[in-house]
Amino acid sequence: MAKTWLDLEKKTVIVTGGVSGIGRAIAEGFAEQGSNVVIADVNPEGEEVIKELPGGAEKHLFIKTDVTDYDNVKAMVAKTVDTYGKVDVLVNNAGINFPRLLVDPEDPEGKYELNEKEFDLMVAINQKGVFLCAQAVAREMVKEGKGVIINMSSESGLEGSEGQSCYAATKAALYSFTRSWAKELGKHGIRVVGIAPGIMEKTALRSLEYEEALAYTRGKTVEELRAGYKKVSVPLGREGKLKEVADLTCFLASDRASYIHGVTYNITGGKSRG
Ligand SMILES: NC(=O)c1ccc[n+]([C@@H]2O[C@H](COP(=O)([O-])OP(=O)(O)OC[C@H]3O[C@@H](n4cnc5c(N)ncnc54)[C@H](O)[C@@H]3O)[C@@H](O)[C@H]2O)c1
């Protein structure tokens, strides 16, 4: 008999990028359900974040990890298995976004034109990091014959996004990873699902620098951009709450979602076709 509806007690869950924003809300969500949470993040503040989760530092683990680095990721997964015996859930959440135009006729090769270095960094964190973490964790999950991998995509991945072409392309890649890995890993008892948030409550990702860049690429002021978050484009008339994404993540990780596989869920307040 399940103790709770989701029955996530004692599950071991790795959340990449769990120090901030959506990842932190997801870490809290699993900790509230009694799971062992491993926060894998480049930001050393993770050491403090795990102390604040229900269960604290005695139960949860922070492992400083750069998801773009093969050895880092391998060591993070090894430490998780060493500590808890297995990995039940991986949430591939770490991601970055630099809004940039493909070409800026007003300022060619300027501040807001997509350059190779930024392109490579977005692909490295948002796409390669997801591959490295999924591979390292799936190697463990196949031994157990079960597990769940959740990829944090974005509504922009399918819709495209003015001023965010590279970011959106990395997120489109996650739709494809989710579908393909579902076909490869289903036979090993591993489910793979995606989540595509739309416009959410403010996180570290939505910094002033980000808003200035995105407003520039769309020929708007930052105020006009902010007004659009809530009213213009979201049928429910508000931003999404980080906890709403965390709740969906916990559900998808649970056996209540045992036949959901290879699909990416939109969580956008009705904003897009997705
Ligand atoms: N915030 C939104 O509106 C929104 C919408 C759609 C999708 N998303 C996606 O949700 C995820 C989380 O976004 P957020 O808004 O919470 O961002 P955030 O900036 O608040 O958090 C991102 C976290 O990732 C970590 N990180 C960055 N580079 C890393 C690396 N190389 N290795 C390990 N960790 C690294 C950061 O330290 C940070 O803790 C991202 O994948 C983002 O693309 C966010």
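These values consider heavy atoms only, across backbone and side chains, with no hydrogens, waters or symmetry-generated copies. Order of listing sets the numbers, starting from 1, for every ligand and every atom in it.
Not counting sequence neighbours, the partners of Y216 by the ring-ring contact (aromatic ring centres under 6.0 Å, His included) test are Y112. For F98, there are no ring-ring contact (aromatic ring centres under 6.0 Å, His included) partners two or more places apart in sequence or in a different chain.
Contacts of ligand 1 (protein heavy-atom distance under 4.0 Å) are G17, V19, S20, G21, I22, D41, V42, N43, T65, D66, V67, N93, A94, G95, I125, M152, S153, S154, Y167, K171, P197, G198, M200, T203, A204, L205.
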Indicate every side-chain donor-acceptor pair of residues 133-141 with a distance under 3.5 Å to a residue at least two apart or in another chain.
| residue | atom | partner | partner atom | Å |
| --- | --- | --- | --- | --- |
| E140 | OE1 | K143 | NZ | 3.1 |
| E140 | OE2 | K143 | NZ | 3.2 |

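Exactly one of E109, E118, E113 qualifies for a salt bridge (Lys or Arg N to Asp or Glu O under 4.0 Å) with R100. That residue is E118.
Under the 4.5 Å side-chain contact rule for hydrophobic residues, V142 and Y84 share a cluster.
Using modelled atom types, one finds no donor on one side chain facing an acceptor on the other under 3.5 Å when comparing N151 with S153.
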